[in-house]
Amino acid sequence: MNFFQAIFLGLVQALTEYLPVSSSAHIRIIGDLMLGSDPGAAFTAIIQIGTELAVILYFRHDIIRILGAWFGSLFGKEGKDFKSRMGAHNPDTQMGWFIILGTMPILIAGLLFKHAIEGSLRNLWITVTVLALFGVLLWVVDARSKQVKTMKEMTWKDALIFGIGQMLALIPGVSRSGGTITFGRAMGYTREAAVRVSFLMAIPAVFGAGILEAVSAVKDVAAGDAGMFPGWGPTIAAAIVAFVVGYVVIIGFLKFVSTFSYKAFAIYRIGLAIVVALLLITGVLSPLEAAAAAWI
């Protein structure tokens, strides 16, 4: 992977990370078409840090407020009893705990199934299947579910369900935002509320994955086994592109979902699945090459 290819993949990451279309699937597919091989989990996770920095910048006031309330309540500012420390008197404290709870499923599954996530689950036939399946689910759920819940109505159970939706994004093609948004809409959350929860819950999960993969990449580079990793210069440049373009995408996406449904994204997912399936059938793309390499 050269510098300009890395930059292009950073742009792809920015354009797809927040939309329910699966950024990891796009990086996997476009990377294979452009490079002849999967760019790899390490490069993908690191450039995701760029898009998450854009989330932090956009939601900085909410993040500061939630963190301040969470730490304050934890140390007894809202009361010394257990319920007070868990946010019984402060919705922002509760949201902090909800984000932690929603992060646990993807954290646990990511650690338990790390080798499968970086290997066999990157099979493009799996990506095609879940692209289409979750496209249909998003379409049906969004069309049939009511928009009655806001973030203020979130419960511990809802936070866990959001987290399970996010966990499924470990399978390329599901889409982290697509999973959380679909599960959120199924519970009756408004489109905007589901998107905002998706953004906030992504921060610890994606940052954690990016940091772990960055450490792993450093070790691989030192051992001379970096694979398709283009080096730190191109990777950081790609992350910067993902950050700048991603910030613009956040603004546009929030405006979009406040007016329109997710139907267009569902149709896009299904169409992409069909195109990739045809490329696999005709031999233009190889479904197993990256997975096999990752297991070696």
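From a predicted model like this one, the values you see are computed outputs, not experimental measurements.
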Novice: As an exercise, state the distance from NE2 of His89 to CD of Glu78, rounded to the nearest 0.5 Å.
Specialist: 7.5 Å

Novice: Are Asn2 and Pro234 packed together at the side-chain level, in the sense that at least one heavy-atom pair is separated by less than 4.5 angstrom?
Specialist: no

Novice: Counting only N and O atoms by type, is there a donor-acceptor contact under 3.5 Å from the side chain of Thr103 to the main-chain atoms of Ile99?
Specialist: yes

Novice: Using every non-hydrogen atom in the two residues, find where Val141 and Thr182 come nearest and quote the distance to one decimal.
Specialist: CG1-O, 3.5 Å

Novice: Can any side-chain N or O of Ser23 pair as donor or acceptor with the backbone N or O of Glu17 at less than 3.5 Å?
Specialist: no

Novice: Looking just at side-chain N and O atoms, do Thr51 and Gln48 make a donor-acceptor pair shorter than 3.5 Å?
Specialist: no

Novice: With rounding to the nearest 0.5 Å, note down the distance linking CD in Gln94 to CE in Met151.
Specialist: 12.0 Å

Novice: With heavy-atom distances below 4.5 Å as the criterion, would you say the side chains of Arg185 and Gln147 are in contact?
Specialist: yes

Novice: For the CE atom of Met86 and the CG atom of Leu74, what is their distance to the nearest 0.5 Å?
Specialist: 9.0 Å

Novice: Give the cluster check for Val128 versus Leu278: same hydrophobic cluster or not, with ILVMFWY residues linked at side-chain heavy-atom distances below 4.5 Å.
Specialist: no

Novice: I would like to know whether Val249 and Thr16 meet side chain to side chain contact (heavy atoms under 4.5 Å, CB included); could you show each step before the answer?
Specialist: CA-CA 9 Å; Val249 173; Thr16 58; over 6 Å; no

Novice: Could you see if Ile64 belongs to whatever hydrophobic cluster contains Ile66? Use Ile, Leu, Val, Met, Phe, Trp, Tyr and a side-chain cutoff under 4.5 Å.
Specialist: no

Novice: Shortest non-hydrogen contact from Val241 to Ala14?
Specialist: O-CB, 4.2 Å

Novice: Which heavy atom of Ile63 sits nearest to which heavy atom of Val55, and what is that distance?
Specialist: CD1-O, 4.5 Å

Novice: Give a yes or no on whether Leu19 and Ile270 share a hydrophobic cluster (residues Ile, Leu, Val, Met, Phe, Trp, Tyr; joining criterion: side-chain heavy atoms under 4.5 Å apart).
Specialist: no

Novice: Can Lys263 and Asp142 be said to form a side chain to side chain contact (heavy atoms under 4.5 Å, CB included), step by step?
Specialist: CA-CA 8 Å; Lys263 181 179 178 180; Asp142 186 51; 5.9 Å; no

Novice: Before you tell me yes or no, could you show the steps for Arg60 and Leu57 under side chain to side chain contact (heavy atoms under 4.5 Å, CB included), namely the whole-Å CA-CA distance, both residues' side-chain angles and the distance that decides it to 0.1 Å?
Specialist: CA-CA 5 Å; Arg60 61 190 181 279; Leu57 179 61; 3.9 Å; yes

Novice: Looking at every non-hydrogen atom in both residues, tell me the closest pair between Gln166 and Gly102 and how far apart they are.
Specialist: NE2-O, 3.5 Å

Novice: Is there side-chain contact between Ser261 and Arg191, with heavy atoms separated by less than 4.5 Å?
Specialist: yes

Novice: Looking at every non-hydrogen atom in both residues, tell me the closest pair between Val257 and Leu254 and how far apart they are.
Specialist: CG2-O, 3.5 Å

Novice: Could you walk me through whether Met201 and Ile106 pass the side chain to side chain contact (heavy atoms under 4.5 Å, CB included) check?
Specialist: CA-CA 10 Å; Met201 280 195 175; Ile106 194 171; over 6 Å; no

Novice: Treat each ILVMFWY residue as a node, draw an edge where side-chain heavy atoms are under 4.5 Å apart, and state whether Ile274 and Leu133 are in one component.
Specialist: no

Novice: Does the side chain of Val21 reach to within under 4.5 Å of the side chain of Leu272, using non-hydrogen atoms?
Specialist: no

Novice: Picking from Trp139, Phe260, Tyr18, Phe256, what satisfies ring pair (Phe, Tyr, Trp, His ring centres under 6.0 Å) with Phe265?
Specialist: Phe256

Novice: Any side-chain heavy-atom pair from Asn90 and Lys77 closer than 4.5 angstrom?
Specialist: no

Novice: Is the shortest heavy-atom distance from the side chain of Phe59 to the side chain of Ile203 under 4.5 Å?
Specialist: no

Novice: Taking the side chain as every heavy atom from C-beta outward, state whether Thr180 and Tyr189 have any pair of such atoms under 4.5 Å apart.
Specialist: no

Novice: Does Thr190 reach the main-chain N or O of Thr150 with its side chain, forming a donor-acceptor pair under 3.5 Å?
Specialist: no

Novice: Quick one: CD on Gln13 to NE2 on His26, what's the gap to the nearest 0.5 Å?
Specialist: 11.0 Å

Novice: Would you say the side chain of Lys149 lies within less than 4.5 Å of the side chain of Met154, judging by non-hydrogen atoms?
Specialist: no

Novice: How about Phe162 and Phe98: are their ring centres within less than 6.0 Å of each other?
Specialist: no

Novice: Minimum heavy-atom separation for Thr235 and Ile47, please, with both atom names.
Specialist: O-CG2, 4.0 Å

Novice: Are Leu67 and Leu53 connected in a single hydrophobic cluster, I mean Ile/Leu/Val/Met/Phe/Trp/Tyr linked by side-chain heavy atoms less than 4.5 Å apart?
Specialist: yes

Novice: Around atom CZ of Phe8, are there more than 12 heavy atoms of other residues, nucleotides or ligands at under 6.0 Å?
Specialist: no

Novice: Roughly how far, to the nearest 0.5 Å, is CD1 of Ile126 from CG of Leu131?
Specialist: 12.0 Å

Novice: Rounded to the nearest 0.5 Å, how far apart are CD1 of Ile250 and CZ of Phe199?
Specialist: 5.0 Å

Novice: Have Ser198 and Arg176 got a donor and an acceptor in their side chains that come within less than 3.5 Å?
Specialist: yes

